[in-house]
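Both backbone and side-chain heavy atoms feed into the values below; hydrogens, waters and symmetry mates do not. Since this is a predicted model, take the numbers as computed values, not measurements.
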Amino acid sequence: MAASTGNFRLGPDTGRVVIKTSRAGLAAKAGHDLTIEVTRWSARVDVPAESDGGQAAATVSAELDLGSLEVREGTGGAMPLTDRDRGQIKKQMSGILGGGTASFASSRIIPPGAIEGTVTLNGKTQPARLQVTDSGSGRYRGSATLTQTGFGIKPYTGFFGALKLRDEVVVEFEVDLS
């Protein structure tokens with residue numbers, strides 16, 4: 001992670017944040033693995049001068065508007081994902097998450113490619129580790145795996161429990177600091 005020094009404000013115009021879910025259970029073939037985009041979010045990256053600690057002293061914070069989740073893709077499944085399915089999934093997410101926010105605050109930067117910190121969601125805070133890669137020219141990609149139950153969220157089940165959403169979800173991001 002070799003960002004230039006400075007203060008960077010990020011959002012949908014400078015990057016993308018997606019949540020990837022996967023399915024489990026006896027009826028897993030009927031469901032879809034989902035890619036859900038967070039369409040409203042903001043982040044701040046502050047990288048001090050080398051004399052003040054540089055990259056190792058950087059801080060990262062982000063806030064995600066969970067009311068802005070949009071299902072972008074559904075792979076697998078017995079049938080293709082329809083607009084009706086997307087609407088039902090969005091309604092279920094809204095009922096589970098209440099349209100609130102999720103936030104991340106860094107506590108430690110581990111060069112060359114990890115950021116440790118905490119995620120707060122649903123009134124609960126859990127540690128998180130973001131793995132980050134420098135794609136070149138100020139572009140960064142990263143991901144973190146979070147467990148829903150760690151935030152008091154019961155993973156979705158359907159078909160009388162035969163179709164389940166895995167507890168682990170992957171949050172991926174791509175940002176441009178140039």
Side-chain angles (χ1 to χ4, degrees), residues 7-25 28 31-46 58-77 81-108 114-132 139-159 161 163-177:
N7 302 317
F8 304 90
R9 296 200 187 282
L10 306 169
D13 57 330
T14 58
R16 186 172 188 225
V17 177
V18 297
I19 301 163
K20 295 196 171 188
T21 68
S22 57
R23 58 216 144 101
H32 298 89
D33 294 331
L34 301 175
T35 300
I36 302 164
E37 185 171 5
V38 182
T39 62
R40 288 188 305 271
W41 60 275
S42 64
R44 181 179 170 135
V45 178
D46 296 316
T59 59
V60 178
S61 61
E63 187 164 305
L64 312 176
D65 178 349
L66 300 177
S68 75
L69 300 178
E70 294 292 337
V71 178
R72 296 297 188 209
E73 183 180 21
T75 58
L81 191 67
T82 66
D83 288 341
R84 182 174 180 265
D85 295 333
R86 285 181 173 83
Q88 288 177 333
I89 293 166
K90 185 171 176 97
K91 184 177 177 182
Q92 289 167 348
M93 288 187 302
S94 179
I96 293 168
L97 300 171
T101 61
S103 63
F104 173 80
S106 67
S107 58
R108 182 167 81 137
I115 303 171
E116 289 183 341
T118 57
V119 172
T120 301
L121 167 65
N122 202 29
K124 299 192 181 337
T125 300
Q126 294 288 315
R129 182 181 181 117
L130 307 178
Q131 294 301 131
V132 183
R139 294 181 176 277
Y140 296 88
R141 298 179 82 123
S143 66
T145 300
L146 304 173
T147 58
Q148 297 177 74
T149 53
F151 297 98
I153 298 169
K154 182 181 177 200
Y156 170 80
T157 61
F159 297 115
L163 172 63
K164 300 175 184 180
L165 189 65
R166 290 189 192 277
D167 192 16
E168 297 81 16
V169 297
V170 177
V171 179
E172 295 180 353
F173 64 89
E174 185 176 306
V175 295
D176 186 349
L177 300 183

Problem - Distance (rounded to the nearest 0.5 Å) between L121 CG and L97 CG - result: 6.5 Å
Handout entry: Any L81 side-chain heavy atom under 4.5 Å of L34 side chain
Key = yes
Exercise for the section: To the nearest 0.5 Å, tell me how far T101 OG1 sits from L66 CG. Expected result: 6.5 Å
Problem - Contacts of type side chain to side chain contact (heavy atoms under 4.5 Å, CB included), residue A144, not counting sequence neighbours - result: L130
Handout entry: Validation row: V132, F173 side chains within 4.5 angstrom (heavy atoms)
Key = yes
Practice task
Using the side-chain contact (heavy atoms from CB on, under 4.5 Å) rule, take H32 and V71 through it: C-alpha gap first, then chi angles, then the decisive distance, then the call.
Solution key: CA-CA 11 Å; H32 298 89; V71 178; over 6 Å; no
Exercise for the section: Mind checking side-chain hydrogen bond (donor to acceptor under 3.5 Å, both in side chains) for E63 and listing every partner two or more places apart, or none if nothing turns up? Expected result: none
Problem - E172 versus S143, closest heavy-atom pair with distance - result: CG-CB, 4.0 Å
Handout entry: Side-chain heavy atoms of L69 within contact of V38, under 4.5 Å
Key = yes
Handout entry: Minimum side-chain heavy-atom gap L10-L177 below 4.5 Å
Key = yes
Practice task
Check whether more than 12 heavy atoms from other residues, nucleotides or ligands sit under 6.0 Å from atom CZ of R86, and answer yes or no.
Solution key: yes
Practice task
Spell out, as yes or no, whether a donor-acceptor pair under 3.5 Å connects the side chain of T39 to the backbone of S68.
Solution key: yes
Exercise for the section: For the pair S106 and T59, evaluate side-chain hydrogen bond (donor to acceptor under 3.5 Å, both in side chains) and give the outcome as yes or no after the intermediate values. Expected result: CA-CA 6 Å; S106 67; T59 59; 5.2 Å; no
Exercise for the section: Supply the atom-to-atom distance T21 OG1 to D33 CG, rounded to the nearest 0.5 angstrom. Expected result: 6.5 Å
Handout entry: Gap separating the OG1 atom of T147 from the CD atom of Q126, nearest 0.5 angstrom
Key = 6.0 Å
Problem - Nearest non-hydrogen partners of W41 and P12, listed with the distance - result: O-CD, 3.2 Å
Practice task
Please tell me if the side chains of V119 and V171 come closer than 4.5 Å, counting only heavy atoms from C-beta onward.
Solution key: no
Show me the donor-acceptor pairs, under 3.5 Å and distance only, between side chains in residues 13-20 and residues at least two apart or in other chains.
{"from": "T14", "atom 1": "OG1", "to": "G11", "atom 2": "N", "distance (Å)": "3.0"}
{"from": "T14", "atom 1": "OG1", "to": "G11", "atom 2": "O", "distance (Å)": "3.0"}
{"from": "R16", "atom 1": "NE", "to": "E37", "atom 2": "OE2", "distance (Å)": "3.4"}

Handout entry: Residue pair I96 / Q148, side-chain heavy-atom distance below 4.5 Å
Key = no
Fill in the blank from the handout: Taken in chain and number order and not counting sequence neighbours, the residues that satisfy side-chain hydrogen bond (donor to acceptor under 3.5 Å, both in side chains) with T149 are D167
Handout entry: With R44 via side chain to side chain contact (heavy atoms under 4.5 Å, CB included) - residues at least two apart
Key = N7, R9, D46, S61
Completion exercise
Sorted by chain and residue number, the side chain to side chain contact (heavy atoms under 4.5 Å, CB included) partners of S94 (sequence neighbours excluded) come out as none
Handout entry: Atom pair CD1/CD of I115 and Q131 - distance to nearest 0.5 Å
Key = 9.5 Å
Handout entry: Nearest-0.5 Å distance, NZ of residue K164 to CZ of residue R23
Key = 15.0 Å
